[in-house]
Amino acid sequence: MSDRGRPDPSGDFESTLERIMAERAGKADRLRAAGHHPYRNDVKPTHTVASVRARYEPTKPPPAPAPEPGAPRAKGDGEGIKPIDGDRVRVAGRVVAKRGFGKTVFAPVRDATGDLQLYLNVDHLDAGDFATILPELDVGDIVAAEGPLFWTKRGELSLLAARLQIVTKSVRPLPDKWHGLTDVEQRYRQRYVDLAVSPEVRAVFTKRSQIVAGIRRYLDARGFLEVETPMMHPIIGGAAARPFVTHHNALDMRLYMRIAPELYLKRLVVGGFDRVYEINRNFRNEGLSRQHNPEFTMLEFYWAYAVYTDLMDLTEELVTDLATAVNGSTRVTWDGTEVELARPWRRVTVRDACHQLGGLPVADVDALFTDPVAAAGIALRHGVPAHDVAKLLLAGVPEGAWDGLELGLLTTELKDPATRDRVAPRVCERYAQGDEARIRAGHLGYYVFEATAEAKLVQPTFLTQFPLAVSPLARKNEADPAFCDRFELFVCGKEIANGFSELNDPADQRARFAAQSRARAAGADEAMDYDEDYCRALEVGMPPTAGEGIGIDRLAMLLTGQASIRDVILFPLMRPE
RNA sequence: GGGCCCAUAGCUCAGCGGUAGAGCAGCGGCCUUUUAAGCCGUUGGCCGAAGGUUCGAAUCCUUCUGGGCUCACCA
């Protein structure tokens, strides 16, 4: 042991980390021995860094000429420093760097609002603090310092510390001060470190918070009521996705983590809440990707006496307002693409998108959405998997009437060009006539849209007029009942929002649920359950309503320019370490 | 789940068949306006795990674990 009580450097530690942590714990012990609690809770800052800056920034002197490179530095005695005024402030935060000069130490400190440099000098700091606290100070410690402000020669606002306290001793070292934490796995697993050392990461999550707050303000101001509906559902509904399953012991009941709040929110519209919204988590048991986290945040809102075009208008206004509030601009760069969010946004039907963006000839597009046999051929030609085509064709077949129509066999036959042209008619001629034929075709058409056009919706675009089969809760279009008054908002090929005029005809809704049940029987395990109580609610009567869901994570990605959803979710799902 | 890539000191990275390196951080010094401070000295690693090939493996092969990208599913 040295005379200063340092741990024996030849001590037997298993790693540098353990040695550093032992050294820091030793510093905490020495602080304790000197009467300074290393984890004290009696410190109240008088100012945040931001408030200090706001107050003193106007006093900033003109910049001094930069010294010649390599010129010898003038030595001072610390007496030449002139505080800006006689007022003292006390700020507290984490030490993010330490530059020692023997009798002077510069230590920038970071609180929730910003960074401020402490100037810790033997002639200005309390002699006891200089002798007993400063030697134990490490980068990462949380400190409080008190004193007046001054401007350094280089024009840095600095706190001329008269007192210094270590409020919380950090015993685990922070990452490299220059590179920070770049290992993405550690950034997500140890988000506290990521946030502590990366102001730009903090800024992303601050913006996310502002976005959510802005949405609430916007909707509250328009008479929408924020509500909370169940997260645990006895049946699956409101979206097409596989659920997480859980169990309630006392009721011995299977429950599903909700995949969407839609059917509950519309029950509230039936009850007379004409404008409601919920911002909360949905859970979907699907794959993870840069666009998908198993739990994600959704805004859903329902607006009585509105139609889907009103929703598009609202969405344009809301998103541009948010962009301006958060970024001061309607231009953003998302994943390398320049996006202009200024209104108005393009509106294009699914059919027109197939033609204009997907490059399909008009004749093909016409056939695609009317004739399931032709649609099957077009879909296969554009790379839609035979298995999916088979599943869609079978979804039109009433249960119990399959006679030999089997998914695997049909898939095989569709894969084979020799049998392909024979097999689709065999299914469709018997079970897909009239409207049903157009519904089957529309579903295939949507698959073709996804295969050919979706990725080309780069600038904000409302895709409208969705095929009925993919919209079991949306109102039919009056002019063409094979389509629904529905839209989705796409930016950079990614879906941000989904809204429609709500289906409020209970008989039609029952037919749609029945179709979902058939689809499930044909192998679509993401199809919705038949929700009897929801039908009962519609029978009580829901006013004409339009409703929309906006993916908050993706909106936050867009407005913060983040390419990965994990960079807008504080604690994304990871495998256990 | 499939394909491709990654894993070396606390952090950021080099080394890619001959037995472990740098910068930062740490530790000991010098230094009273620095800001990736500087200078001198110095500690620190079972090279993700387990097998295999080889006289010899961080390096080549296999498997596993974790992560990234991507495809599929989906929002």
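Note that the coordinates shown come from a computational prediction; the quantities given were computed from them, not determined experimentally. Reckoned from all heavy atoms, side chains included, excluding hydrogens, waters and symmetry mates. Here is how names work: the chains are called A, B, and so on, in the same order as the sequence lines, proteins then strands, and each is numbered from 1.
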Run the side-chain donor-acceptor check on residues 191-199 of chain A: report pairs under 3.5 Å with partners two or more places apart or on a different chain.
unit_1 : atom_1 : unit_2 : atom_2 : d
A:R191 : NE     : A:L570 : O      : 2.7
A:R191 : NH1    : A:D194 : OD2    : 2.8
A:R191 : NH2    : A:R566 : O      : 2.8
A:R191 : NH2    : A:I569 : O      : 2.8
A:D194 : OD1    : A:R187 : NE     : 3.0
A:D194 : OD2    : A:R187 : NE     : 3.2
A:D194 : OD2    : A:R187 : NH2    : 3.3
A:S198 : OG     : A:D194 : O      : 3.3

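No N or O donor and acceptor, one from the side chain of A:T182 and one from the base of B:rU12, sit under 3.5 Å apart.
Figure legend. B:rC60 is base-paired to B:rG52; pairs are counted as Watson-Crick or G-U wobble with both atom distances under 3.5 Å.
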Residues A:Y302, A:E300; criterion side-chain hydrogen bond (donor to acceptor under 3.5 Å, both in side chains); working and verdict: CA-CA 7 Å; A:Y302 291 84; A:E300 282 207 16; 2.7 Å; yes

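Note: A:F466 and A:Y446 have tilted aromatic rings, judged against thresholds of 30 and 60 degrees for the angle between ring planes.
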When you compare the protein's N or O atoms with those of nucleotides 69-72 of chain B, which come within less than 3.5 Å of each other, and at what distance?
unit_1 : atom_1 : unit_2 : atom_2 : d
B:rC69 : OP2    : A:R566 : NH1    : 3.4
B:rU70 : OP1    : A:R290 : NE     : 3.4
B:rU70 : OP1    : A:R290 : NH2    : 3.0
B:rU70 : OP2    : A:R290 : NE     : 3.1

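The residue among A:P576 and A:N498 whose nearest nucleotide of RNA chain B lies closer to the 5′ end is A:P576.
With sequence neighbours left out, A:D183 forms a side chain to side chain donor-acceptor pair (under 3.5 Å) with no residue at all. Evaluation of the salt bridge (charged side-chain N to carboxylate O under 4.0 Å, His left out) rule for A:E57 yields A:R53 as partners, not counting sequence neighbours. Remark: A:T152 pairs with no residue by the side chain to side chain donor-acceptor pair (under 3.5 Å) rule, at least two apart or across chains.
Using modelled atom types, one finds a donor on one side chain and an acceptor on the other under 3.5 Å when comparing A:Q465 with A:Y308.
Remark: ring of A:F101 overlaps the six-membered base ring of B:rA37 in a stacked fashion, centroids less than 5.5 Å apart, planes less than 30° apart.
The P atoms of B:rU59 and B:rA50 are separated by 12 Å, rounded to the nearest whole Å. Comparing the P positions of B:rG17 and B:rA36 gives an interatomic distance of 39 Å, to the nearest angstrom.
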Nucleotides 3-8 of chain B: protein proximity per nucleotide (B base, S sugar-phosphate only, - neither; heavy atom, under 4.0 Å): ------

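Look at A:D138 and A:K169 and you find a salt bridge, because one of the NZ, NE, NH1 or NH2 atoms lies within 4.0 Å of a carboxylate O, short of that distance.
Within the nucleic acid shown, A:M298 has no heavy atom closer than 4.0 Å to any nucleic acid atom.
Look at B:rC60: its glycosidic torsion is beyond 90° from 0, and that puts it in the anti range.
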